[in-house]
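We count ligands from 1, going down the list as the structure has it; atoms in each ligand are counted the same way.
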Amino acid sequence: MEEKCSCEPTEILIFPCSGGSNVGQIANQAGVKLTQDGMGKFFCLAGIGGHVSGMIESTKAGKVIVAIDGCPVACAKKTLEHAGFNIDEYVEITSMDIEKNPNLNPLTSDVEKVTQYLSTQISKRRGLL
Ligand code: SF4
């Protein structure tokens, strides 16, 4: 049976790795766009990595955790899992045929590709499709 929820966008927490590469910045920009589109709420991965208590508690209060990693090093996934969180939706951007490079100004088309994919996944989960 397909998993669905009735979560509000504010209960869907989005954690991009926001790394120093095109794919890290695609993750970041996709997180921004999903938040602006009302699909969820951009959250602070660094706060989780730093064990900031308020961030940990806010994350525990969330219902859906979305992690976006730029590459297989999987910093967002590892940071969240290290803090004891289960990830509900996940994408690793190089697995979408987007090659990693040092350019911090990623292609708009690549940002759109990742945003569209996650938007569909989150919509399915919310039963909006
Ligand atoms: S997952 Fe890859 S792109 Fe993202 S922060 Fe880690 S090393 Fe950088």
**Fill in**
Among Cys75, Ala76, Gly70, closest by heavy atom to atom 6 (Fe) of ligand 1 is Cys75

**Item:** Atoms of ligand 1, numbered as shown, that sit under 4.0 Å from any heavy atom of Cys17
**Value:** 1 (S), 3 (S), 4 (Fe), 5 (S)

**Message:** Starting from Met39, can I reach Met96 by hopping between I/L/V/M/F/W/Y residues whose side chains sit under 4.5 Å apart?
**Reply:** yes

**Message:** Give the atom numbers and elements of ligand 1 that come within less than 4.0 Å of a heavy atom of Ser21.
**Reply:** 3 (S)

**Request:** Of all the heavy-atom pairs spanning Arg125 and Val64, show the shortest one and how long it is.
**Result:** CD-CG1, 3.7 Å

**Message:** Counting only heavy atoms from other residues, nucleotides and ligands, does the tally under 6.0 Å from CG of Asn86 exceed 12?
**Reply:** no

**Request:** Treating Ile, Leu, Val, Met, Phe, Trp and Tyr as nodes and any side-chain heavy-atom pair under 4.5 angstrom as an edge, say whether Leu13 and Ile56 lie in one connected cluster.
**Result:** yes

**Fill in**
The atoms of ligand 1 lying under 4.0 Å from a heavy atom of Asp69, numbered in the order shown, are 1 (S)

**Item:** Separation of Glu112 CD from Ser119 OG (nearest 0.5 Å)
**Value:** 12.0 Å

**Item:** Taking atom 8 (Fe) of ligand 1 as the reference point, the nearest protein heavy atom with its distance
**Value:** Gly19 CA, 3.9 Å

**Complete:** In this structure, atom 2 (Fe) of ligand 1 is nearest to the protein heavy atom Cys71 SG, 2.3 Å

**Item:** Numbering as shown, the atoms of ligand 1 that approach Ala74 to under 4.0 Å (heavy-atom distance)
**Value:** 1 (S)

**Message:** Run the side-chain hydrogen bond (donor to acceptor under 3.5 Å, both in side chains) test on Glu92 and Thr94 for me, step by step, so that the C-alpha distance in whole Å, both residues' side-chain angles and the decisive distance to 0.1 Å come before the verdict.
**Reply:** CA-CA 6 Å; Glu92 186 272 287; Thr94 65; 2.4 Å; yes

